[in-house]
Each structure stands twice: as C-alpha cells, then as structure tokens.
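Working notes, structure below.
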Amino acid sequence: MTSVKVKLKQNDIDKIKEICAAHNYEPGELINVLHQTQEYFGYLPAEIQEVISWELNVSAAKVYGVVTFYSYFTMTPKGRYPVSVCTGTACYVRGAENVLEEIKKQLDLQVGETSDDGKYSLSCLRCVGACGLAPVVLVGDKTYGRVAPDDVKGIIDEYKDKD
Amino acid sequence: MDTIKLTIDQQELEVPAGTTIYHAAKKLGIDIPVLCYMELEDWNIENKPGGCRICVVEVEGRHNLAPSCSTECKDGMVVKTNTPRVMNARRTVMEFILSDHPKDCLTCPKSGSCDLQDMAVRLGVREIPNEDIAEISTYRLDTSPAIIRDIDKCIMCRRCETMCNDVQTVGALSAINRGFESVVTPAFEMNLEASPCTYCGQCVAVCPTAALTEKDYTAEVIRALSDPEKTVIVQTAPAVRAALGEEFGMEAGSLVTGKMVSALRKLGFDKVFDTDFAADLTIIEEGAEILDRLKRSANGDENVRLPILTSCCPGWVNFFEYHFPNLKDIPSSARSPQQMFGSVAKTYFAEKMNVKRENMVVVSVMPCLAKKYESQRDEFKVDNNPDVDYSISTRELAHLMKQANMNLNKLPDEDFDKPLGESTGAGVIFGTTGGVIEAATRTAYELYTGKSLNEKVTFEQLRGWEGIRKAEVDFDGFTLKIGIAHGLGNARKLLEEIEEGKSTYHAIEIMACPGGCIGGGGQPLHHGNASILKKRSEAIYREDAGKKIRKSHENPYIKELYEEYLGEPLGEKAHQLLHTKYFDRSTKRQFKI
C-alpha cells in the first residue's frame with residue numbers, strides 16, 4: 001500500500017491514546033479503533049498505526065495486516081472528493097471495470113492515488129449493499145447508480161467548479 | 001470423556017469428542033494430504049487456518065467437501081477420503097495454488113525439500129491450466145544478514161505467523177492485502193532488519209516453500225577455502241552433530257561428531273575446532289558472574305540484579321533488546337560461545353599460529369540463523385574485521401558436503417584439532433534446553449561449595465521438555481532456584497514476572513527455539529515431527545555421558561588459555577574479549593509512549 005511519512009505531534013499521539021483508552025485498550029477493538037482514528041485524521045499513516053500497536057499491545061504487523069485487508073482503510077490522505085468504485089461481485093459483472101477505467105482516464109489517477117491538488121482520490125470498494133443499482137460509484141457520501149462509462153464525465157463535471 | 005463413533009473409508013472407529021477428521025483418519029493409518037496444516041504435538045502448537053483446502057474429504061449428507069484438518073468428527077459421520085470427487089478437487093486446488101506461484105523450481109533454494117513441490121508430485125499435477133489468468137505478485141526480495149524473504153513464493157499457509165506470533169510472541173509477521181497480492185510480511189512491508197524480528201528462524205524452519213529461507217554463505221566459505229592466503233578455521237556448535245546425519249538419511253538422533261570432523265577436514269579447513277570449547281569458556285565466565293552476583297547479593301549489595309539470565313542465544317538477545325529493553329542489565333554480559341570462540345581464535349590462536357588477523361577466516365557451523373546476524377554485530381568486529389566471518393547452518397554444511405561429493409555415512413571418525421577443539425560434556429549439553437544451566441551448575445556448585453561432585457554431575461531436575469521449568473539445586477545448604485524457558489513465548493512469561501517484581505529465581509536459562517538449539521532454525525527440517533527433536537536431545541546427553549571430562553572448569557585447554565593469555569575470569573582481558581553489552585532496540589522510545 002502506498003503511504004506517506006508524517007511526524008506526529010504530541011497532541012496527535014494524545015488523541016490516538018484517547019481513542020484507545022475509550023476502547024479499554026482491548027486488542028479485539030482494533031478495527032473500531034482504526035475506524036475512529038481514520039475518521040479523525042482522515043487516513044492511517046504508519047506512524048499512527050505504530051502508536052495504536054503499542055497502546056493495544058497488538059503487533060504493528062497485525063495492525064498493518066488489518067489496514068491493508070479492508071479497503072475502507074487508507075494510508076494516504078483522501079481527496080476532498082473521494083471517488084470510490086464498487087467492484088463487488090454484482091457491480092463487477094455489470095461492468096464496474098469499464099467504469100473504473102473511464103474514471104482513471106478522466107481523473108488521471110490510479111487506484112489508491114490522490115490528485116496533487118488534494119481534490120480527488122480514487123479507490124475501489126467491495127459492495128455497498130446497493131447491488132440493485134449496480135454498478136455503483138460514490139463521490140464522498142453521494143451515491144450514483146447504474147453508472148455507464150459514458151456517464152462518468154457528467155458525474156465529474158458536477159465537482160469541477162467546487163473547491 | 002465423550003467419544004464419537006464414525007466411519008472413514010468403510011472402517012469404523014471411535015475417537016474422543018473434538019477430534020478432527022484428519023486426526024481420526026491418521027489413527028486408521030490413512031494419511032490425508034495436508035499443506036497449510038502443521039502440528040508440533042509436544043508443544044501444543046497447531047496451525048490450522050483451513051485455508052489451502054488440500055485436505056478436503058467427502059462427508060455423507062454434506063453438499064460441499066470438508067477440510068479435514070479443521071472439521072470435527074460427529075457421531076455417525078460417514079467420511080470418504082479418496083473418492084474421484086475428492087481427488088479431482090485436491091488436484092484442482094493444487095493447480096490454483098500453483099497458478100500464481102513462480103516456476104523457477106530448478107534454481108529455487110527450496111528445491112528438493114519443498115512441501116509445495118512434494119504435494120504437486122503426490123497429487124499428480126501435470127499441467128497448470130489457470131496460469132494465464134493468474135497474477136504472480138511482484139514484491140521485492142528482502143535480504144537480511146540471516147533470513148531472505150522472497151514472498152512472491154508465499155502460499156499463505158500462515159505457518160510462519162503461528163510460529164512468530166503465537167509461539168515466539170515476536171510479532172514480526174502478519175498476513176497483508178487480499179487475493180493474488182496477499183502475502184505475509186513485517187509491518188508496513190519494512191525490511192526484516194527494521195522489524196522486531198529476532199532471526200530465531202522458526203518461520204524458516206516451517207515455511208513450506210522458499211518464501212522464507214536462510215541467507216546462504218556457502219559460496220563465501222568455498223571462496224575462502226580456495227584462497228591460499230587465508231587460514232580458514234571452523235567451529236561446530238553442539239546441536240549440529242546430533243542432526244547433520246538426518247540430511248544424509250540417517251535416523252534422527254544419530255551422533256555423527258567424528259564423521260562431521262573428517263568431512264570438514266576433507267573440505268579443506270585448516271583447523272577443525274569445536275564451539276563446545278567456547279561453551280566451556282562461557283561457563284567459566286558466566287559461572288563466575290553468577291557466583292559474583294550471588295555473593296554480592298548475599299552481602300546486601302542493593303545494586304545487584306537477580307535473577308541472572310543466560311546470554312548465549314542470539315535470538316533471545318535480540319528479543320529482549322527489542323521487547324524488554326528495561327531488563328537489559330539483567331542478562332549475563334558473557335558473549336555467546338560462537339563469539340567467544342571467534343575472539344579467542346583471532347587473538348590467542350592467531351598469535352600462536354603467527355597468522356595476521358586479516359588472513360584468518362573463522363567459519364561457524366550452527367543450528368541457528370540468528371548466529372548469522374550475531375556474527376555481523378558491530379560489537380564483535382575489530383577494525384571492521386568480524387571475529388566470526390561466516391556462520392553457516394547445519395543444512396548449509398550438508399549442501400556443501402554434497403557439492404563436494406561426500407557421503408557422511410561413508411566417512412571415518414576423526415577427532416577435533418587442539419587446543420580449541422577440546423571440550424567437556426558440559427560444553428556439549430549447551431545444545432539442548434536446560435543444558436547451559438546444567439553445565440553452569442556443575443561448575444558453580446564446585447566453586448561455591450568447594451566440594452567435588454565426583455561422578456554425580458547430572459542434574460535430572462533441570463532436564464525435561466516442558467516449556468517453562470523450575471528447579472532447585474542444593475548448594476550445600478544454600479538453595480539455588482533455577483528457571484528454564486525454551487521458546488520465546490515462554491521466555492516472555494518469565495520476563496513479565498521479573499518486570500512485575502514477582503520473580504524468585506536466582507538464575508534463568510532462556511533458549512529462543514522450542515527444544516533449544518537442537519530445534520534451531522538452521523537444523524534439518526523436522527516437518528512438524530517433534531519426536532525428532534527429542535531424539536536429538538537424547539543424542540546430546542549421550543555424547544555428554546561418554547565424555548571423560550564433564551565439567552567445564554576441568555578442561556585442560558581452558559586452564560591453559562587462562563594461564564597463558566586471559567588471566568582471571570572476569571578480569572580485564574577476559575572482559576575485553578569475552579563480554580559484551582546490550583542495546584535498547586525498541587521503537588517505543590521514538591514515540592515517547
């Protein structure tokens with residue numbers, strides 16, 4: 001997974017510790033701790049995972065294993081408009097791959113990347129539970145259903161003039 | 001206990017509740033193939049992710065096939081282990097596993113001892129139909145001084161994870177990613193060298209493929225042997241002689257000391273010496289340190305920290321430097337036998353031989369992979385010239401001998417060279433769990449009490465197979481309390497007791513590998529058969545029992561070494577050549593947690 005190096009400030013560390021404490025330092029709470037930490041920081045760089053590892057007494061390798069297993073977690077900051085393409089089974093068989101290719105072309109981004117201006121990021125996810133709408137694309141919290149490659153330009157244009 | 005009746009391949013049997021189909025079949029002599037599954041019975045170590053699906057069987061009334069390694073028997077179950085459906089499924093699964101596996105078997109370091117290769121042969125795989133749709137992962141090769149990770153060859157059996165996390169509690173490895181990209185790596189895909197890895201090598205010992213192998217130094221050794229400028233001497237660790245025979249088809253537990261010596265001499269080593277000599281030397285220094293700490297403690301010196309911990313196992317040293325840096329003043333400062341040998345060889349012996357340090361090459365043959373790393377530590381170098389140049393494993397020595405067309409079975413018995421080849425029974429038992437502390441006890445008893453043990457040199461209470469053992473030895477009215485742990489997970493428990501101030505031991509022996517060095521990461525692969533380790537241990541005790549001298553302080557060449565060169569145990573010269581210091585390698589301090 002691509003990653004960025006950060007230098008954590010003491011109040012960042014304190015925040016992580018606070019989240020771990022709220023979960024009673026339970027190793028079994030790792031996923032919930034990661035969720036909350038990502039919600040706060042926006043992403044989970046190695047340095048943050050390392051602190052969580054010490055606090056929950058779970059090896060850093062295991063923390064990284066969980067972060068890389070679930071597509072929800074990211075080690076790079078997401079864009080202000082994170083674009084996600086569902087590549088779960090239903091979306092996949094209904095052409096998500098072609099939609100994804102078109103988005104890559106339009107945004108000039110690979111999966112897992114964030115644009116230099118920090119506006120867009122691109123990721124794949126597995127099943128948002130809206131298989132009836134397959135293939136599904138998300139931009140932030142907004143869901144687009146039955147997306148065809150030809151629709152991609154129109155979707156992106158909605159965000160063109162936004163900051 | 002509840003029992004369960006079932007039928008496997010038309011044979012009825014009764015098994016205790018909780019037994020898996022795989023184990024039930026084994027009782028009937030039916031050998032269901034397993035790949036990811038691994039079991040070390042004596043230590044309750046089991047790896048059964050049920051992931052590879054090679055061990056599937058047909059269960060009547062169940063629509064899909066069941067993984068026999070992780071499916072428990074049920075009353076009235078009717079199991080078939082070799083129907084056409086089962087055999088086809090196994091082969092198909094195998095074809096899928098092979099579809100994204102690199103195909104460089106001819107030059108792969110694991111070729112010939114690869115579980116994956118053996119399974120492909122056993123299941124009769126003749127083609128790999130799905131190759132075109134598979135994606136071989138493209139992770140970089142990670143080379144450390146001891147272990148090489150070529151994780152494109154990882155088949156996700158997760159045996160290494162079981163050893164690293166559950167048994168050793170080191171936590172260096174974890175499965176990451178998904179699908180074709182899923183492999184086992186350290187955190188953030190960092191190099192092993194940057195990770196908490198101790199190089200104990202237990203992951204290498206159980207890896208079914210070449211995803212994890214040892215760093216091979218045989219080419220460097222051959223080059224040194226063929227250089228006329230170099231005086232090349234070799235030392236062999238105690239556990240090697242009790243296992244090398246297995247690589248040449250001998251029974252586990254065969255002692256091949258004499259044959260190994262003649263093989264090394266034929267390979268061209270100028271002197272064939274014994275690490276056991278240095279083990280005796282370790283006992284003199286470590287024994288003196290134990291007595292010194294005990295006496296000072298008895299005299300009320302509050303600066304003395306007890307228990308004292310043994311320090312000859314480099315995997316263990318790496319472990320406490322990373323996981324318990326606050327305890328780094330507790331272990332003995334005595335260097336390991338490998339390193340004591342190296343520093344004595346390149347000073348005392350080099351001077352005796354009139355060979356310049358840079359023209360002497362010291363090779364060690366070790367049951368261990370952590371020794372490779374230890375030999376490259378900066379503390380054990382003089383002007384960047386290491387005391388031990390190359391450390392090769394038991395397996396590498398076997399390879400070297402085979403390359404040089406030697407068959408161990410047919411070699412005569414020969415004796416080690418003198419002076420650094422002479423050792424006592426105490427030096428030999430270093431190779432098995434409990435051995436170092438028994439050797440130390442033999443010497444410490446006599447020095448402390450001033451009485452001779454005569455023939456009663458064995459301390460049965462220190463021997464055994466449990467992961468953590470406690471024993472007491474009567475030192476003529478003073479009771480010496482001893483703790484023993486093998487396997488780092490067990491060591492961790494004793495260390496936590498020390499941290500909490502609950503430890504009541506005077507001395508603790510710790511070996512990183514289950515069984516001690518006989519179960520080291522560089523030994524012939526035991527493929528999960530723990531009885532092999534017991535036989536190696538018995539062989540070690542046999543060698544001890546057959547020795548004329550069985551106490552380290554009675555080794556005449558050790559006495560000579562102190563008289564001619566070192567002076568007193570714990571003296572200035574001894575301190576400079578035979579002792580070391582430890583470092584805090586924890587990453588915790590970076591984060592001020």
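Quick note: numbers below take in every heavy atom, side chains included, and nothing from hydrogens, waters or symmetry partners. Order of the sequence lines fixes the chain letters, A, B, ..., with proteins taken first and strands second; residue numbering starts at 1 for each chain.
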### Message
Does any part of the side chain of A/F69, heavy atoms only, come nearer than 4.5 Å to the side chain of B/S174, both counted from C-beta?
### Response
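No, side chains not in contact.
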Verify the neighbour count for atom [atom1] of [X]: are there more than 12 heavy atoms of other residues, nucleotides or ligands below 6.0 Å?
{"X": "B/Y139", "atom1": "OH", "value": "yes"}
{"X": "A/N57", "atom1": "CG", "value": "no"}
{"X": "A/D157", "atom1": "CG", "value": "yes"}
{"X": "A/D108", "atom1": "CG", "value": "no"}
{"X": "B/Y582", "atom1": "OH", "value": "yes"}
{"X": "A/K7", "atom1": "NZ", "value": "no"}

### Message
Nearest 0.5 Å, please: how far is CD in A/Q49 from CZ in B/F188?
### Response
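Reported to 0.5 Å precision, the distance equals 4.5 Å.
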### Query
Which value, rounded to the nearest 0.5 Å, describes the distance between A/K62 atom NZ and B/E161 atom CD?
4.5 Å
### Query
Of the listed residues (B/A187, B/S195, B/S182), which shares the most heavy-atom pairs with chain A below a 4.5 Å separation?
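When all of B/A187, B/S195, B/S182 are compared, B/A187 has the most.
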Which atom of [X] lies closest to which atom of [Y], heavy atoms considered:
{"X": "B/G171", "Y": "A/A61", "result": "O-CB, 3.8 Å"}
{"X": "B/P186", "Y": "A/Y64", "result": "O-CD2, 4.3 Å"}
{"X": "B/I176", "Y": "A/T68", "result": "CB-OG1, 3.3 Å"}

